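Structure first, commentary second.
Quick note: numbers below take in every heavy atom, side chains included, and nothing from hydrogens, waters or symmetry partners. Because the structure is a prediction, the values reported are computed rather than measured.
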Amino acid sequence: MDLGTSRNGSTVTEFILLGLTESPVLQPVLFVIFFLAYVATVGGNFSILAAIFIEPKLHTPMYFFLGNLSLLDVGCITVTVPAMLRHLISNDRSIPYRSCLSQLFFFHLLAGVDCFLLTVMAYDRYLAICQPLTYNTRMGWGIQRVMVGMSCVFSFSNALTQTVALSTLKFCGPNVINHFYCDLPQLFQLSCSSIQLNEKLLFVAAAFMGVAPLVLITVSYAHVVAAVLRIRSSEGRKKAFSTCSSHLTVVGIFYGTGVFSYMRLGSVEASDKDKGIGILNTIISPMLNPLIYSLRNPDVQGALRRVLMGKWPSK
């Protein structure tokens, strides 16, 4: 344990991430699996970005938000996986205190923007299906940029607040984190000072960035479902629902894993289960998102084929 000496005792200057396994046999196997997952995620999301860029049919608000979501997915997996891969092939599993705080800050920044962006995408579907006559006015290019910008501002404020509040805690030892990245629940367990303020801040953040967006998404889709059911044509209903199903699947995965990650604060016994939830949240979800959004969308599939075959449209 690396401890720095102080007048009041000892202060942790680095943490030890136990990672996914301590078995020397499994570590190379996991390295290959998660390295391939990382490459697939980065490649898949950048392919979606390229498809949106080259396909004129995808130059719409929904796909503008989807492009930003793809960038967030690449950022989110980059915050956690490269460090995990380094630990899998190295005997050194330490992470400096400041690096741990940095990882936590960027993870919460990107995940927070994800929350708001998924809400904005639900609002976009509500306007497109329930208010089609005013859609172009209420979802103009300027409004799209403002929505993404405000999402970043709100998420930055929360991530900075959580990180600064955590930096005021004292860590006297032990310094072992039973996870593969630094996050609030695991760090709370190691603090030797009161975490009451931190838990209250996290509760407020969960209400503002988790519960409120989920309620808005639910309300938006309640209106969407009501509007779609009024469509007489079965083909029209099918087409309307298909434009929403991909987004709802992503919302379900994102919020489902997020709820399980933070609903059991202070539970040491949940640490091993939290690793599996962390894999779903930070690796599986970003890797699946490009597949989910392209699976039932012929325009995206066509654009992806042109990207992969190098057939860029002539200007």
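Tested against Ile177, the residues Leu187, Leu18, Ile95, Ile16 include a single side-chain contact (heavy atoms from CB on, under 4.5 Å) partner, Leu187. Shown are Val224, Val225, Asp124; of these, the side-chain contact (heavy atoms from CB on, under 4.5 Å) with Ile129 is made only by Val224.
Hydrophobic cluster membership is shared by Val250 and Leu248, with clusters built from Ile, Leu, Val, Met, Phe, Trp and Tyr side chains linked at under 4.5 angstrom. Met139 and Met150 fall into different hydrophobic clusters, defined by Ile, Leu, Val, Met, Phe, Trp and Tyr side-chain heavy atoms under 4.5 Å apart, directly or through other members. Both Val148 and Trp141 are members of a single hydrophobic cluster when ILVMFWY side chains are connected at heavy-atom separations under 4.5 Å. Taken together through direct or relayed side-chain contacts under 4.5 Å among Ile, Leu, Val, Met, Phe, Trp and Tyr, Leu101 and Phe15 form part of one hydrophobic cluster. Each of Leu118 and Phe154 belongs to its own hydrophobic cluster when Ile, Leu, Val, Met, Phe, Trp and Tyr are linked at side-chain heavy-atom distances under 4.5 angstrom.
Looking at heavy atoms from C-beta onward, Phe171 lies in side-chain contact with Ser191 at the 4.5 angstrom threshold. Counting heavy atoms from C-beta on, the side chains of Phe34 and Leu85 come closer than 4.5 Å. Using a 4.5 Å cut-off on side-chain heavy atoms (C-beta onward), Asp183 and His108 make contact. Between Tyr38 and Thr78 the shortest side-chain heavy-atom distance falls below 4.5 Å. Taking 4.5 Å as the limit, every side-chain heavy atom of Leu190 sits out of range of all side-chain heavy atoms of Gln186. The closest side-chain heavy-atom distance from Val120 to Gln144 is not below 4.5 Å. Contact of the Asn281 side chain with the Phe107 side chain is registered, since non-hydrogen atoms from C-beta on lie closer than 4.5 Å. Side chains of Asn45 and Ile77 form no contact here, defined as non-hydrogen atoms less than 4.5 Å apart.
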Inset, instruction - Starting from the C-alpha separation in whole Å, work towards a yes-or-no answer on side-chain contact (heavy atoms from CB on, under 4.5 Å) for Phe35 and Val32. - result: CA-CA 5 Å; Phe35 175 76; Val32 172; 5.8 Å; no

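Among residue pairs with one or both ends in residues 113-123, none qualify as side chain to side chain donor-acceptor pair (under 3.5 Å); sequence neighbours excluded. Screening residues 150-165 for side chain to side chain donor-acceptor pair (under 3.5 Å) gives Asn158-Gln162 as the qualifying pairs, with residues at least two apart or on separate chains. Sorted by first then second residue, the ring-ring contact (aromatic ring centres under 6.0 Å, His included) pairs that include residues 72-106, not counting sequence neighbours, are Phe105-Phe156. Residue pairs satisfying the side chain to side chain donor-acceptor pair (under 3.5 Å) criterion with at least one member in residues 22-37, sequence neighbours excluded, are absent.
Closest of all the heavy-atom pairs between Ala83 and Gln103 is CB-NE2, 4.2 Å. Of all the heavy atoms in Arg93 and Thr21, the pair that sits closest is NH2-O, 2.9 Å.
The CD atom of Glu199 sits 8.0 Å away from atom OG of Ser194, with the distance rounded to the nearest 0.5 Å. One distance of note links OH of Tyr181 with CG of Leu17; it measures 11.0 Å at 0.5 Å rounding. Note: Thr282 OG1 to Met287 CE = 10.5 Å, rounded to the nearest 0.5 Å. One distance of note links SG of Cys100 with CG of Leu166; it measures 7.5 Å at 0.5 Å rounding. With rounding to the nearest 0.5 Å, the separation of OG1 in Thr137 from CD in Gln131 is 11.5 Å. Note that CD1 of Ile217 is 10.0 Å distant from CE of Met121, once rounded to the nearest 0.5 Å.
Under the rule for a side-chain hydrogen bond (donor to acceptor under 3.5 Å, both in side chains), Asn136 has no partner lying at least two apart in sequence or in another chain. In this structure Cys115 satisfies the disulfide bond (SG atoms under 2.5 Å apart) test with no other residue, sequence neighbours excluded. Remark: Thr249 pairs with no residue by the side-chain hydrogen bond (donor to acceptor under 3.5 Å, both in side chains) rule, at least two apart or across chains. Legend: residues meeting side-chain hydrogen bond (donor to acceptor under 3.5 Å, both in side chains) with Ser102, ordered by chain and number and at least two apart, are absent. The salt bridge (charged side-chain N to carboxylate O under 4.0 Å, His left out) search around Lys57 returns Asp299, not counting sequence neighbours.
For Arg138, the CZ atom counts as densely surrounded, since its 6.0 Å shell holds more than 12 non-hydrogen atoms of other residues, nucleotides or ligands. Under a cut-off of 6.0 angstrom, the local environment of CZ in Phe46 is sparse, with at most 12 non-hydrogen atoms contributed by other residues, nucleotides or ligands.
As a member of the Ile/Leu/Val/Met/Phe/Trp/Tyr network built from side-chain separations under 4.5 Å, Val215 groups with Val211, Val219.
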Let me have the donor-acceptor pairs involving side chains of residues 201-208, under 3.5 Å, with sequence neighbours excluded, atom names and distances please.
none

List the atom pairs, donor and acceptor, that lie under 3.5 Å between side-chain atoms in residues 63-75 and the rest of the protein, sequence neighbours left out.
{"unit_1": "Tyr63", "atom_1": "OH", "unit_2": "Asn297", "atom_2": "ND2", "d": "2.2"}
{"unit_1": "Asn68", "atom_1": "ND2", "unit_2": "Phe64", "atom_2": "O", "d": "2.8"}
{"unit_1": "Ser70", "atom_1": "OG", "unit_2": "Leu66", "atom_2": "O", "d": "3.2"}
{"unit_1": "Asp73", "atom_1": "OD2", "unit_2": "Asn289", "atom_2": "ND2", "d": "2.9"}

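Checking side-chain atoms of His59 against main-chain N and O of Phe53 turns up a donor-acceptor pair under 3.5 Å.
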